[in-house]
Structure formats: C-alpha cells, structure tokens
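Numbering of residues begins at 1 and proceeds along the displayed sequence. Computed from heavy atoms alone, side chains included, the values below leave out hydrogens, waters and symmetry copies.
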Amino acid sequence: MATDSARRDAPAYPVGSVDKALRLLLVVAERPDGLRVGDAAALLGIAPSTAHRLLQMLAHYGFAEQDPESKMYRAGPTMERLSNFRGRVIDLARPILERLVALTQETVHLATLDGDRALTLLSVESPHLLRVGDRSGHSQPACSSAMGKALLAGMGGDIEPHLPNGLQQSERQTLLSQLEVIRERGYAAQDGEVESGVSAVAVSVGAASAGISGAGTPAAGFSGASTPAAGFSGASTSGFAIGITFPTGRIGVDRWGEVLAAARKAADELADALAGSGR
C-alpha cells in the first residue's frame, strides 16, 4: 500500500496535519470505488470529524469529489489532471498547433525533454503533398535538434542531465555558445543538420515573448545572415517547445519574420493556456 511505503523514510520533524492530509490523498487515490468518512477515519486512526474536514478540504481543491447519493469520496479532477499532465498539455496544444499550421502551411510539433532527447508529443501535418510527416512519439538528440536546443536554451536550471554521455568538452562548449545565441535571438533553427532536406525553427513555451516582428531577418542557413531578434528575457517555466518543420528552401527571406512571429504567438498562447489550467 502506498501509504505504508510513503512512511518508511519519515522526516525527523513531520507536520502532523500535512501528514494526515497526504496520507488521506493516497488512500483516496487507491480507492476507485470510493471511500466513506468512517473508513478514512479508521484507516488513518483519526476522529471521523477530522476525516470529514480533511476530505472536504481535498474536495475544495479538486483532489476528491463526493457522490451526492452514496456520500462516498473518490479521486477528483485535480488528481486526474496531475496524473495525466502530458495528455492535458496535448489537449490544450492541439487547437493552437492547428491554427499555426493554417497560418504557416507547414508541419508543426510540440516537444518536451526526455532525458537527453527531445520527445515529440504531438504533430499536426502541413496540407502540402510534400511535407514533413507526423513525428509523434519520435525523439531526437536534444543537443542537435532545433526543438531540443530551444528547450535547453529555455531552461532556468542545470542542463547537464539533458546532455548525452561522452559529449566532448569542445562539443559542450560549442553547444553552450549556440544556446546563448538562441537565448539572445529568441529561437532555434536547423537547416538539414539532423535530417537532410529538412529545416526547422523552434521556440520555447513559457519563455518571455521574443518581440519578433514581421520584419525579422532569417537565421544563417535560411538564405540570409542572422540578425538576432529580441531574445528570451526569462527562462521557460513549462518544459515544452513548439517547432515548425519544412522542406529546406520553402520558407524564404520574405516569410521568415511572419513564421517566427506566428511561432512565438503560438508559444505564448500555450503558455497562457497552461497557466490558466493551473498546469
């Protein structure tokens, strides 16, 4: 039982009320058929009145909900949301990515870090016959892909856990320099380095708005020299990135600012949606 294992390494100075509430939370999670106040009191060794107040507090924050007929408590919507966070993010991101595809006419992805790799959680494909396909469930080295670098650049903490074993010191320094450039200009780009004939641009979700305008100049490797846009003024708080992938050469100088602005707007919309949903 989870409540037993959770108590094996109890802190030296436990807070009794917090201990009871967390133990009750575990009990509710383990009882899909429901839990009565008396059962909760017996399991935790507390008075029924105390169990009732704790269950009401869990219900207040959505961790539990009471059946109006049986009066039994079951896991609430907050528990479900926290236990399936990625699924919730995908649901929030899908309409945003669909709008971004409609604007750019290119395939769009949502990614997060998974160890030292950038894992694609969701793809929405371009309507073009010649397009980058659905990459949902696929991953690429975070240190080499545009979405991976956007994620690393947007992190506020130590990136070492997300770097591959055996990375040479010179490679590490090169990557750190690249991440600084990405932070300054507000986006990451790749131009066939990961997959021949495929280019990409990616932005971190939750980083401060890059303030990219339609007059932006393309990054090096996209038919023009790089002029950094206003960059991240803060770190990503979500751990997600949005990337646009397309056949190399299809997005030229005339569309670069438009595509960057659309990507940044989509990332800001998702950040707002995550904040509004309580993450």
Next on the checklist: Run the salt bridge (Lys or Arg N to Asp or Glu O under 4.0 Å) test against Glu98 and tell me which residues pass, sequence neighbours left out.
Outcome noted: none
Checklist entry - Distance-only, no hydrogens or angles: does the Ser199 side chain make a donor-acceptor pair with backbone N or O of Asp191 under 3.5 Å? => result no
Next on the checklist: Could you report the tightest heavy-atom contact between Phe63 and Val28, atom names first, then the distance?
Outcome noted: O-CG1, 4.4 Å
Checklist entry - Closest approach of Ser204 and Gly154, non-hydrogen atoms and distance? => result OG-CA, 3.9 Å
Checklist entry - Is a side-chain donor or acceptor of Gln140 paired with a backbone partner of Ala118 at a separation under 3.5 angstrom? => result no
Item to check | Check: Thr107 side chain, Ser126 main-chain N or O, donor-acceptor pair, under 3.5 Å | outcome: yes
Checklist entry - salt bridge (Lys or Arg N to Asp or Glu O under 4.0 Å) with Lys265: which residues, sequence neighbours excluded? => result Glu269
Item to check | Set of side chain to side chain contact (heavy atoms under 4.5 Å, CB included) partners for Pro127, sequence neighbours left out | outcome: Val101, Gln105
Item to check | All side chain to side chain donor-acceptor pair (under 3.5 Å) counterparts of Ser139, not counting sequence neighbours | outcome: Arg117
Item to check | Where at least one partner belongs to residues 128-154, residue pairs that pass salt bridge (Lys or Arg N to Asp or Glu O under 4.0 Å), sequence neighbours excluded | outcome: Glu125-Arg131, Arg135-Glu195
Next on the checklist: Please enumerate all residues that pass side chain to side chain donor-acceptor pair (under 3.5 Å) together with Arg86, with sequence neighbours excluded.
Outcome noted: none
Item to check | Non-hydrogen atoms of Leu54 and Lys20 that approach each other most closely | outcome: CD1-CB, 3.9 Å
Next on the checklist: Which residues pass the side chain to side chain contact (heavy atoms under 4.5 Å, CB included) test with Ser49, not counting sequence neighbours?
Outcome noted: Ala47, Arg53
Item to check | ILVMFWY cluster membership beyond Val132 - transitive side-chain contacts under 4.5 angstrom | outcome: Val198
Next on the checklist: Given 3.5 Å as the limit, does a donor-acceptor pair link the side chain of His162 with the main chain of Asp116, or not?
Outcome noted: no
Item to check | Minimum heavy-atom distance between Tyr61 and Thr78, given as atom pair plus value | outcome: O-OG1, 2.8 Å
Checklist outcome for this item: In short, side-chain hydrogen bond (donor to acceptor under 3.5 Å, both in side chains) pairs touching residues 165-174 with sequence neighbours left out are Glu160-Arg172
Item to check | Leu55 side, atom CG; Leu24 side, atom CG - distance, nearest 0.5 Å | outcome: 4.5 Å
Checklist outcome for this item: Applied to residues 36-49, the salt bridge (Lys or Arg N to Asp or Glu O under 4.0 Å) test, sequence neighbours excluded, yields none
Next on the checklist: For residues 241-252, which residue pairs pass the salt bridge (Lys or Arg N to Asp or Glu O under 4.0 Å) check, not counting sequence neighbours?
Outcome noted: Glu106-Arg250
Item to check | Met147-Ile244 co-clustered via ILVMFWY side chain contacts under 4.5 Å | outcome: no
Checklist entry - Mind checking what makes side chain to side chain donor-acceptor pair (under 3.5 Å) contact with Thr245, not counting sequence neighbours? => result His109
